[in-house]
A.B. asks: 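Sharing a structure, written as structure tokens. Questions coming.
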Amino acid sequence: MEVSPGEIMVAQAAREIRDRERVFVGMRLPLIAFVVAKRTHAPRAVGLFELGIVRDEPAPELLYTMGDTPNVSGAVWCARTIDLMGLLQRGEVEAGFIGGAEIDAHGNLNTTAVGGDRSRPKVQLPGSGGGADIASLAQRLIVIMPHDKRRLRERVDFITSPGYLAGGDARRRAGLPRGGPSVLITTLGVFRFPDGEAVLVSYHPGQSVGSVRAATGWELRVADDVRETEPPSADVLRVIRGYDPEGFWTRRAE
Amino acid sequence: MEVSPGEIMVAQAAREIRDRERVFVGMRLPLIAFVVAKRTHAPRAVGLFELGIVRDEPAPELLYTMGDTPNVSGAVWCARTIDLMGLLQRGEVEAGFIGGAEIDAHGNLNTTAVGGDRSRPKVQLPGSGGGADIASLAQRLIVIMPHDKRRLRERVDFITSPGYLAGGDARRRAGLPRGGPSVLITTLGVFRFPDGEAVLVSYHPGQSVGSVRAATGWELRVADDVRETEPPSADVLRVIRGYDPEGFWTRRAE
Amino acid sequence: MLIGSGCVRSVSAAWVGNVSAGLAHCYRRAMEEGVPRRITVRDHSNFSIAQALLAGAIGAPYIPTRSLLGSDIPRANGTFREAESPFDGSRVLLIPAIVPDVAVLAVQRADEDGNAHLWGPWGVSQEAALAAKKVIVLADEVVPREEITSDPNRTICPAWKVAAVCEVPGACHPSPLQGRYGRDHEFFHEYHRRTRTAEGFDDWVGEWVTGTRDHDEYLAKLGRRWEELREDGVPSVPAAY
Amino acid sequence: MLIGSGCVRSVSAAWVGNVSAGLAHCYRRAMEEGVPRRITVRDHSNFSIAQALLAGAIGAPYIPTRSLLGSDIPRANGTFREAESPFDGSRVLLIPAIVPDVAVLAVQRADEDGNAHLWGPWGVSQEAALAAKKVIVLADEVVPREEITSDPNRTICPAWKVAAVCEVPGACHPSPLQGRYGRDHEFFHEYHRRTRTAEGFDDWVGEWVTGTRDHDEYLAKLGRRWEELREDGVPSVPAAY
């Protein structure tokens with residue numbers, strides 16, 4: 001079976017989690033990345049779910065939502081949202097995952113609305129959820145999203161989740177205590193934010209700098225040592241496919 | 001057995017609780033007053049204990065502290081202090097009991113320190129506990145304390161629990177949202193605060209306006225219809241003596 | 001569904017969507033086209049709404065936070081204020097209290113007085129209940145008082161706030177209730193497919209809401225599907241009081 | 001006892017005393033006479049200390065309250081600020097966060113990782129644990145992980161904050177621990193009588209603190225009195241997860 005973009009993204013996302021870290025885990029790919037990390041290099045990582053669940057072992061079966069009953073069984077703590085968001089605000093959460101409909105080169109994300117004005121948008125999106133809080137307060141933000149020109153934009157229509165804002169020290173000046181995107185993982189490649197602006201550090205197998213540039217809405221910056229994204233190892237693929245055997249999240253058409 | 005001042009105070013305090021009210025209950029005499037009220041005219045009153053206990057039935061046995069295990073058994077809610085104080089701040093608690101070492105004619109109470117300055121007092125008292133919060137935020141405050149000239153003073157050394165402050169609309173001007181003492185029950189008599197200042201409305205059996213005046217540190221105001229405090233009924237005495245059979249709280253020398 | 005039926009004028013929320021399925025069609029139609037009616041929205045994040053309810057629950061006028069500084073949410077929400085902390089001059093965002101008229105809580109068990117036990121993730125349930133002027137409890141099971149008082153730490157709010165206790169088994173369907181029943185993923189997906197158009201939504205409501213007399217009939221209509229969702233759960237190790 | 005032994009420089013508290021017995025003699029001596037050393041005190045109320053710890057727990061710089069306006073506590077405390085609510089101009093008192101270096105929690109049961117279950121009134125235990133930089137758990141019983149995960153709603157704070165789990169049966173004596181042992185009222189009264197003088201306090205410490213090798217010896221010294229305090233408790237009706 002060929003490796004899917006979803007699987008490459010999950011493998012890369014898993015690499016971003018370090019052992020013993022506390023991680024705000026989202027659903028879909030981030031959850032699977034957390035499972036991969038736990039079962040490979042980060043066995044003592046701890047997962048936080050914003051509705052109030054803390055787990056040091058991932059749920060044994062695939063979840064559709066974080067409130068699914070298997071995600072509660074075996075949890076070490078069932079808390080309130082405010083408890084976990086409070087620990088996040090205290091700086092006790094090293095990493096958080098979020099996705100978005102749109103992102104700009106400074107890592108600002110929009111999950112609120114596209115086009116029109118806020119009271120009458122062209123496309124109404126679901127909103128922040130915990131995304132804006134994780135983006136504001138986690139020590140490190142890991143962003144995962146599908147890659148196309150309408151999503152990686154020069155300017156997003158609405159900053160739901162603050163990245164580096166206008167760049168430079170704008171994030172600090174706005175009053176945010178820490179954090180900002182450390183990586184953007186898309187269906188085509190991987191970006192880092194060395195000075196608060198996205199730089200392509202790798203393109204996935206089958207892609208190139210050119211194909212990434214063609215699908216990116218801002219003027220692409222490319223790292224000197226850009227290279228192909230490391231594909232998932234056989235071990236990692238086994239974990240991914242064991243957890244999501246039907247490819248509901250990792251092999252779906254985005 | 002003669003009726004003790006403690007028993008008269010408890011009976012009067014019980015009369016201050018109305019049916020279905022939420023009442024912040026202290027230990028000692030207020031607890032027994034709550035028991036009496038529940039078993040006589042206020043069967044649906046609810047008791048709140050500041051360490052985080054809500055009961056709609058009093059504990060079946062005498063308590064020494066509100067954390068005693070029998071006060072938890074049978075509780076309807078074991079909460080956190082902040083939950084109950086929060087409901088108090090919202091205005092959901094009709095009445096609260098407190099005592100104090102000193103009180104002035106405007107119902108301001110001192111339970112912090114007497115004499116000297118705050119950093120080196122003559123007598124260091126235990127402090128507010130929840131008293132200052134109950135005094136600040138309950139709809140109605142019921143004060144119970146021993147009566148003597150050193151306790152009912154022209155001016156208290158430290159306002160721990162705000163009463164009507166300097167009188168008039170001072171309480172409202174300070175920013176307190178409601179409340180203030182509605183009654184002061186002492187070992188000698190009962191005061192009300194018709195215009196934010198204590199007025200003697202009754203003296204206990206065996207006392208007189210003169211004996212109360214002699215033991216009061218401020219210039220006594222007396223109600224036109226001052227009379228003898230209604231003694232506890234036989235029913236009420238039975239409840240008191242059934243709950244505190246050895247008179248640990250109701251017959252101790254103060 | 002309330003939005004799709006035209007029962008909503010204004011929404012204060014961190015997230016509105018069909019988890020696991022996609023965007024919420026009724027919400028989109030209302031916001032994008034004013035169908036069936038225009039609604040206004042006050043954007044929140046999970047933390048800001050939790051803080052607004054916490055402030056409401058403890059009677060605080062507002063709670064200061066560092067979250068959302070630099071986000072467009074504060075501007076879109078319109079009720080927050082930026083300020084400087086008087087302690088150190090740092091920038092804070094003040095989230096004003098929300099005091100709902102009613103909070104609706106679905107719980108595993110409650111007694112007749114409204115003392116309710118909820119387990120599983122509490123989310124913002126407790127803050128919402130404490131902040132609200134009154135609470136409606138949907139209990140999967142109404143139990144004797146002694147079952148509640150056997151474990152008072154599990155009580156979620158005081159009974160005096162509870163205006164009604166309704167025994168409604170399966171009240172959360174298609175969402176789950178821990179230890180009682182799992183999530184009906186396919187029901188969410190089917191709802192998503194069928195409500196793409198306003199006509200489809202009306203059709204769906206006609207079948208599942210107005211087309212069933214009460215919740216019993218709704219569950220009977222689910223039939224075996226409902227039976228298959230039921231879970232027995234694993235009993236907790238008791239705490240001795 | 002810490003004050004009487006000269007181990008305390010400063011106290012932030014709402015109440016210091018010997019509940020049911022009377023004033024705290026060591027505290028009085030320290031404040032009134034500087035014996036064995038002078039201490040400073042930051043006065044609080046139960047609500048203000050709960051709010052300070054809640055602010056610490058959620059990482060808020062402060063929480064505004066209406067309590068204590070007009071009281072002398074704010075002046076004596078020295079860390080609060082009066083301010084106007086920017087929403088309606090009303091007066092509020094801002095209580096700054098407290099972030100303790102360590103919180104010590106006594107609980108009924110914990111696993112080896114520090115996941116701790118506490119039941120009975122929580123007081124400010126949870127806020128203190130979440131606000132603190134680290135937590136020391138005194139567990140009446142160390143239990144297998146499965147006992148904790150069987151009931152995750154009872155967990156009081158995340159294990160990553162717990163620096164040490166100590167299995168110390170009877171850790172709360174003479175205070176009670178719900179479902180395990182009752183309160184030793186007479187022990188409090190005896191302590192009160194014997195610590196009226198500094199010499200009496202030293203004598204008491206020599207007998208009960210430095211005079212016992214460890215907590216086992218302390219309990220053995222209590223002997224039958226300890227046995228008589230033990231309670232079995234009534235098991236809660238389980239919650240199925």
Side-chain angles (χ1 to χ4, degrees), chain C residues 47 50-51 54-55 58-67 79-97 107-109 117-122 143-144 146-154 156 177-180 231-241, chain D residues 47 50-51 54-55 58-67 79-97 107-109 117-122 143-144 146-154 156 177-180 231-241:
Chain C
F47 195 17
Q51 288 173 108
L54 175 62
I58 66 171
Y62 56 88
I63 287 183
T65 186
R66 313 283 188 198
S67 197
T79 71
F80 306 163
R81 305 246 174 161
E82 270 202 32
E84 281 187 1
S85 162
F87 294 97
D88 63 3
S90 61
R91 200 173 290 191
V92 290
L93 188 67
L94 308 182
I95 313 290
V107 305
Q108 285 93 344
R109 62 189 179 203
H117 280 185
L118 174 66
W119 58 94
W122 276 20
V143 299
E146 292 66 36
E147 196 162 327
I148 300 299
T149 58
S150 84
D151 201 359
N153 283 92
R154 232 186 265 291
I156 196 158
L177 185 63
Q178 197 65 31
R180 302 283 170 143
E231 294 176 355
D232 285 334
V234 179
S236 62
V237 176
Y241 280 83
Chain D
F47 195 17
Q51 288 174 107
L54 175 62
I58 67 171
Y62 56 88
I63 288 183
T65 186
R66 312 283 187 199
S67 196
T79 70
F80 305 163
R81 304 245 173 163
E82 270 202 32
E84 280 186 3
S85 162
F87 294 97
D88 63 5
S90 62
R91 199 173 289 191
V92 289
L93 187 68
L94 309 181
I95 313 289
V107 305
Q108 284 92 347
R109 63 191 179 201
H117 279 185
L118 174 66
W119 58 94
W122 276 19
V143 299
E146 291 67 35
E147 195 162 329
I148 300 299
T149 58
S150 84
D151 200 0
N153 283 92
R154 232 186 266 289
I156 194 158
L177 185 63
Q178 196 66 31
R180 302 282 169 144
E231 295 175 356
D232 284 335
V234 180
S236 62
V237 176
Y241 280 84

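Since the structure is predicted, the reported quantities are computational estimates derived from the model, not experimental observations. Letters A, B, ... mirror the listed sequences (proteins, then strands); counts begin at 1.
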A.B. asks: Is it the backbone or the side chain of C:Val92 that comes under 4.5 Å from a heavy atom of chain D, or both, or neither?
C.D. replies: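 When you check distances to chain D, only side chain atoms of C:Val92 fall under 4.5 Å.
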
A.B. asks: Would C:Asn153 and D:Trp122 satisfy side chain to side chain contact (heavy atoms under 4.5 Å, CB included), going step by step from the backbone distance to the final call?
C.D. replies: CA-CA 9 Å; C:Asn153 283 92; D:Trp122 276 19; 3.4 Å; yes

A.B. asks: By a 4.5 Å heavy-atom criterion (distance strictly below it), what part of C:Pro152 contacts chain D: side chain, backbone, both, or neither?
C.D. replies: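 C:Pro152 has no heavy atom closer than 4.5 Å to chain D.
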
A.B. asks: Which bit of C:Glu147 is near chain D, if near means a heavy-atom gap under 4.5 Å: side chain, backbone, both or neither?
C.D. replies: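 Backbone plus side chain of C:Glu147, per the 4.5 Å heavy-atom cut-off to chain D.
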
A.B. asks: From D:Ile63 CD1 over to C:Leu54 CG, what is the distance, rounded to the nearest 0.5 angstrom?
C.D. replies: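 It is 6.5 Å, given to the nearest 0.5 Å.
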
A.B. asks: Pick whichever of D:Arg66, D:Glu146, D:Gln51 has the most heavy-atom pairs under 4.5 Å with chain C.
C.D. replies: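 So the answer, after comparing D:Arg66, D:Glu146, D:Gln51, is D:Arg66.
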
A.B. asks: Which heavy atom in D:Pro64 sits nearest to a heavy atom in C:Pro61, and how many Å separate them?
C.D. replies: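 Between these two residues, the closest heavy atoms are O-CD, 4.0 Å.
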
A.B. asks: Given that the side chain runs from C-beta out, which part of C:Arg180 has a heavy atom under 4.5 Å from chain D: side chain, backbone, both or neither?
C.D. replies: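 C:Arg180 has no heavy atom closer than 4.5 Å to chain D.
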
A.B. asks: Ignoring hydrogens and geometry, is there a side-chain-to-backbone donor-acceptor pair from D:Trp119 to C:Arg154 under 3.5 Å?
C.D. replies: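 Checked: no pair found.
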
A.B. asks: Scan residues 231-241 of chain C for pairs that pass salt bridge (charged side-chain N to carboxylate O under 4.0 Å, His left out), counting only residues two or more places apart or in two chains.
C.D. replies: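 Found none.
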
A.B. asks: Contact part of D:Ser85 toward chain C, heavy-atom cut-off under 4.5 Å: side chain, backbone, both or neither?
C.D. replies: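 Backbone plus side chain of D:Ser85, per the 4.5 Å heavy-atom cut-off to chain C.
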
A.B. asks: Below 4.5 Å from any heavy atom of chain D, which atoms of C:Ala83 appear? Answer side chain, backbone, both or neither.
C.D. replies: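 For C:Ala83, there is no contact with chain D at all, as no heavy atom is under 4.5 Å.
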
A.B. asks: Kindly give the heavy-atom pair with the smallest separation between C:Tyr241 and D:Gly120, and that separation in Å.
C.D. replies: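 For C:Tyr241 and D:Gly120, the tightest heavy-atom pair comes out as CE2-N, 3.9 Å.
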
A.B. asks: Report the C-alpha distance between D:Val237 and C:Arg109 in whole Å, list the side-chain angles of each, state the deciding distance to 0.1 Å, and finish with yes or no for side chain to side chain contact (heavy atoms under 4.5 Å, CB included).
C.D. replies: CA-CA 11 Å; D:Val237 176; C:Arg109 62 189 179 203; 3.6 Å; yes

A.B. asks: Using non-hydrogen atoms and a 4.5 Å limit, figure out which bit of D:Ser90 sits close to chain C: side chain, backbone, both or neither.
C.D. replies: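 Nothing of D:Ser90, per the 4.5 Å heavy-atom cut-off to chain C.
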
A.B. asks: Restricting to pairs with a member in residues 80-92 of chain C, which pass salt bridge (charged side-chain N to carboxylate O under 4.0 Å, His left out), not counting sequence neighbours?
C.D. replies: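 As it turns out, the salt bridge (charged side-chain N to carboxylate O under 4.0 Å, His left out) pairs with a partner in residues 80-92 of chain C, which skip direct neighbours, are C:Glu82-C:Arg91.
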
A.B. asks: Identify the two heavy atoms, one from C:Pro235 and one from D:Ser150, that lie closest to each other, and give their separation to 0.1 Å.
C.D. replies: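 What the structure gives for the nearest pair is O-CB, 4.4 Å.
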
A.B. asks: C:Leu94 and D:Tyr62: which non-hydrogen atoms are nearest, and at how many Å?
C.D. replies: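 Scanning both residues completely, I find the closest heavy atoms to be CD2-OH, 3.8 Å.
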
A.B. asks: Which bit of C:Thr79 is near chain D, if near means a heavy-atom gap under 4.5 Å: side chain, backbone, both or neither?
C.D. replies: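 Answer is backbone: N, CA, C or O of C:Thr79 sit under 4.5 Å from chain D.
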
A.B. asks: Counting only heavy atoms closer than 4.5 Å, note whether D:Gln178 contacts chain C via side chain, backbone, both or neither.
C.D. replies: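 Backbone plus side chain of D:Gln178, per the 4.5 Å heavy-atom cut-off to chain C.
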
